[in-house]
Amino acid sequence: MHYTDEFSPRPFQREVIDQVSDRIHAGERLTVVLASPGSGKTLTYQATATRLFRAGLIDHVAVFAPRVALAEQCETDWMERDNQGSVKKGHCLLFD
């Protein structure tokens, strides 16, 4: 799964995106989302964080994964891609 600006969230995903944004606007410093496997959590956090980064509302995101391979997958899923879908070598919008 790869986040794109054309992402159409499911109801759970839209609720998370909206609630996290609302909490930040209300001055909350932390938000924890509990999501089960298969709920679409990767796209949800990527869409949420991308929206908040672009709005200048956050500087960092912490994602906890039980294995290094999953953490690497989360990072590479977020990398900037060219029009053919290939990762731009040595260039990533959020991680370097």
Side-chain angles (χ1 to χ4, degrees):
M1 296 188 296
H2 300 288
Y3 174 77
T4 67
D5 285 327
E6 293 81 37
F7 171 63
S8 296
R10 291 182 261 171
F12 161 78
Q13 294 166 320
R14 171 59 52 209
E15 183 178 345
V16 169
I17 293 166
D18 291 344
Q19 284 190 16
V20 169
S21 182
D22 290 348
R23 288 176 53 81
I24 287 175
H25 281 99
E28 297 292 336
R29 292 182 46 107
L30 298 171
T31 299
V32 175
V33 176
L34 300 176
S36 60
S39 65
K41 59 190 167 295
T42 299
L43 286 175
T44 302
Y45 90 76
Q46 289 176 342
T48 303
T50 298
R51 175 176 161 183
L52 296 172
F53 275 119
R54 287 177 177 164
L57 295 171
I58 63 171
D59 297 317
H60 299 87
V61 174
V63 178
F64 299 92
R67 292 186 296 280
V68 172
L70 291 175
E72 289 171 349
Q73 179 183 337
C74 290
E75 183 175 355
T76 57
D77 280 354
W78 217 343
M79 289 182 171
E80 184 177 10
R81 298 178 186 279
D82 62 22
N83 292 336
Q84 289 74 39
S86 298
V87 172
K88 292 183 178 182
K89 299 295 182 205
H91 183 72
C92 184
L93 288 176
L94 299 174
F95 301 100
D96 220 351

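Side chains included, hydrogens not; waters and symmetry mates left out as well; all remaining heavy atoms used.
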Query raised in the report: With a 4.5 Å limit on heavy-atom distance, are the side chains of L57 and H25 in contact?
Result: yes

Query raised in the report: How far apart are the C-alpha atoms of Q13 and T48, what are their side-chain angles, what is the distance that settles it, and do they pass the side chain to side chain contact (heavy atoms under 4.5 Å, CB included) test?
Result: CA-CA 9 Å; Q13 294 166 320; T48 303; over 6 Å; no

Report summary line: In this structure, CG of L52 is separated from OH of Y45 (nearest 0.5 Å) by 14.0 Å

**Report entry** Distance (rounded to the nearest 0.5 Å) between I17 CD1 and D22 CG
**Finding:** 12.0 Å

Query raised in the report: Do the side chain of T44 and the main chain of G40 share a donor and acceptor less than 3.5 angstrom apart?
Result: yes

Query raised in the report: Under 3.5 Å, side chain of R23 to main-chain N/O of T31, donor-acceptor pair present?
Result: no

Requested in this report: Identify the heavy atoms of G38 and R10 that sit nearest to each other, and give their distance.
Outcome: O-NH1, 3.7 Å

Query - Heavy-atom pair of closest approach, residues S39 and F12 - result: O-CD2, 3.5 Å

Query raised in the report: Is a salt bridge present between D18 and R51, judged by a nitrogen-to-oxygen distance below 4.0 Å?
Result: yes

